[in-house]
Number of protein chains: 2
Amino acid sequence: MTGRPPSIRDVAEVAGVSTATVSRTLSNPDVVSEKTRESVFHAIQETGYRLNVTARNLRRQESGGIAVLVPNLSNPFFARILSGIAEIMSEAGYNVLITDTSPMSHDEHRFPEYFRLNQTDGLIILDGMLNRELLLNRGAPDARAPMVFACEWIDEIRRPTVTIDNRAASEMAVRHLVRLGHRKIGHVGGPPDNVLTTSRRDGTREALRAAGLPVRADWFYDGDFSLDSGAAAARSWLASKDRPTGIHLASDEMAMGFIGELHRAQVSVPQDVSVVGFDDLEIAPHFVPPLTTIHQPRIEIGRAAAKMLLERMRTPPQDRTRRPAPRVVLPVELVERLSTAPPP
Amino acid sequence: MTGRPPSIRDVAEVAGVSTATVSRTLSNPDVVSEKTRESVFHAIQETGYRLNVTARNLRRQESGGIAVLVPNLSNPFFARILSGIAEIMSEAGYNVLITDTSPMSHDEHRFPEYFRLNQTDGLIILDGMLNRELLLNRGAPDARAPMVFACEWIDEIRRPTVTIDNRAASEMAVRHLVRLGHRKIGHVGGPPDNVLTTSRRDGTREALRAAGLPVRADWFYDGDFSLDSGAAAARSWLASKDRPTGIHLASDEMAMGFIGELHRAQVSVPQDVSVVGFDDLEIAPHFVPPLTTIHQPRIEIGRAAAKMLLERMRTPPQDRTRRPAPRVVLPVELVERLSTAPPP
DNA sequence: TATGCCGATGTAATGGATTACATCAGGGAT
DNA sequence: ATCCCTGATGTAATCCATTACATCGGCATA
């Protein structure tokens, strides 16, 4: 009874037209006469026909999907960015393949799989630490593949980017501490080679310098954006003699890990030390204490990246390389909550 | 210079064999002679050939991908489950399409898109509130499509499931409060019709009954698993006269929202009220105070669901409907941290 | 009436890999 | 020497939708 699913042929037969007409009715309704159009739609109803996307993709030399490369899916920071991407992309009829790159970095072997030709029509990259050569040479998406960076980026690779002004954002964070009266201000950065780490650290330094405050190496702790690394930074802070009274951490997760660890040591925020995070995760306003932080418009970042990629996919390759890669910078804002106060 | 990418034909030509042999070399190396195999591999190297997955999928009547239906991507609970799924699935050569169902529930219209025939070879469903009929009748994955449920499930749909024993888990949570000496215990549940809500609430009731404690309707608050709903529950708690001294909330996010809101009202946990969550999110040990909660083996849930789906996809349809749907129940444990203490 | 054009539709090639079936060569058995 | 069998390989149909090109009918203009 239920043989194979109905194909365009069956529809054509029922409607009494050729397969070409059915196809046209579906992808370009205006070119067929109204009478035909109706009988085709009717035949589609009757047969229960559904387009075979794979066949279309094969013929059109597309894949119907795009891939998003996320450095770490467990980081809640990315969820809303992905929502934004998925929203725009599925509206445009694309599938969104989400790929966590963290296993790849250690297992280069599997990497090119994700780039198999025809596997994806485009790439949104949220991970600035991917192996450059791998990205450009080996795996199939040769230098001409539509590709946009969001949040993070890679300097040597000239591609459209959607970012925020990380430097200015960290400056804002630090200025806020300065404004509250802090004179001893520290910083916890992300992983060493990350572009965000660099810009945020530079912003922090710049703001300190502008305020005439010391930039002390022993007040600049290392982290990796994770909760645990925030806790580790807290331990360093506790261990030092001359402690900063205000700290700006390059991610909310670190800020929360930091505060959590201090709490365990009976040190309270903001009474004993003020904390400014970065990201404004959903949980930030619910944390104890509610976190002062830099708000990133994450859904917007995702949407903007998706739109940019769509545009990029629509422009023919030769035009693509010619024009300079557009750079969108979205605005951020400081959200003042209760993890900051005047110094003790 | 760079025409279209090399196809199996080009390889065949270079290797001096037929396309059939190339295909066999790739998908079934044992049947070709060693000499041929070598020359084919060599030709692949030389031409830079990559398999066109779309063509293979068309021919094999597969899609090469599976879809995961997540109720809410922003909920950090799902990240590790997705990691587990992706790990197993990409090992097996499948793409993983992650789909947030929250826009769908309101926009039924778009729903069937995701189920287009040949769009996915299987489904992992983490959302027990999907429209049953939609799932079974309309969209293409007619009743025979490989489909497994994880975390949540739908009673009327008999499919393999990977779950935890939610009822027993909540019993554990409540027993812990009882053991600490609490006699007035409340509960905050998830969204009304959710299967998890029901089982966890039942577990809570059962444990109270077993301990000879009152099950008071005014101590059972409504929530929806979100941070905000936890905060709302806290406001209800604050507003009531006769307050429970211990609360078990059906998700960590709610527990954190609850604690955060209480903190704002100068009520502290666990001094004034003890809190037990559910899930053991990454942030739970870093929260202030560190959260006592039920640990769910989330990566394992993801892995198990993926393995089950793979097996399901391998068994022919007729066998599939015949055999009873397997049910895997993974163990949970109570993690005692600092959000619980004896009652004031 | 003949010519030309346009809109609507059909015909058939195409995309790339898979695989049922056909073929062929070589070894072993009689 | 003949026949059969087996392992290796080739031939060609197939999966389904798309689209360049061909065709056809009808209307308008000369």
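We name chains A, B, ... by the order of the sequence lines, and we start the count at 1 in each one.
No hydrogens or angles were tested; on distance alone, a donor-acceptor pair under 3.5 Å links the side chain of B/Arg59 to the base of D/dT14. A donor-acceptor contact under 3.5 Å links the side chain of A/Arg24 to the base of C/dG10.
One finds no salt bridge joining B/Arg37 and B/Glu34 here, because no Lys/Arg side-chain nitrogen approaches an Asp/Glu carboxylate oxygen to under 4.0 Å.
At whole-Å resolution of the value, CZ in A/Arg50 and P in D/dC16 are 16 Å apart. Atom CG in A/Asn52 sits roughly 6 Å away from atom C1' in D/dC16 (whole-Å rounding). A/Asn28 places its CG atom 15 Å from the C1' atom of D/dA17, with the value rounded to the nearest Å. One can place CG of A/Leu58 at 12 Å from P of C/dT18, the figure rounded to the nearest angstrom. Going from atom CG of B/Asp30 over to atom P of D/dA8 covers 10 Å, rounded to whole Å. Atom pair B/Lys35:NZ and C/dG26:P shows a separation of 11 Å (rounding to whole Å applied). If you measure from atom CD of B/Gln61 to atom C1' of D/dC16, you get 8 Å, rounded to the nearest angstrom. One can place CD1 of B/Ile8 at 11 Å from P of C/dT19, the figure rounded to the nearest angstrom.
The C1' atoms of five pairs define one axis at each end of the helix from C/dT1-D/dA30 to C/dT30-D/dA1, and these two axes lie 50° apart (to 10°).
In this structure, the nucleotide among D/dC16, C/dA17, C/dT9 sitting nearest to the side chain of A/Thr36 is C/dT9. When distances are taken from the side chain of A/Ser7 to each of C/dA17, D/dA17, D/dA8, the shortest belongs to D/dA17. Among D/dT11, C/dG15, C/dA12, the nucleotide with an atom closest to any side-chain atom of B/Ala20 is D/dT11.
The phosphate of C/dT9 has neither OP1 nor OP2 within less than 4.0 Å of any side-chain N or O from A/Thr21. Contact between the side-chain N/O atoms of A/Ser33 and the OP1/OP2 oxygens of C/dT9 is found at a separation under 4.0 Å.
A/Val22 comes within 4.0 angstrom of nothing in the nucleic acid, heavy atoms only.
Rounding to the nearest 0.5 Å gives a distance of 4.0 Å between CZ of A/Arg327 and OG1 of A/Thr161. Annotation: the span from B/Ile88 atom CD1 to B/Glu91 atom CD amounts to 5.5 Å, rounded to 0.5 Å.
Within 6.0 Å of the CZ atom in A/Arg9, the count of heavy atoms belonging to other residues, nucleotides or ligands does not exceed 12.
Side-chain N/O atoms of A/Asp121 and A/Ser63 include a donor and acceptor closer than 3.5 Å. Residues B/Asp10 and B/Thr47 have side chains that never bring a donor and an acceptor to within less than 3.5 angstrom of each other.
The shortest heavy-atom contact between A/Pro160 and A/Met147 is CD-O, 3.5 Å.
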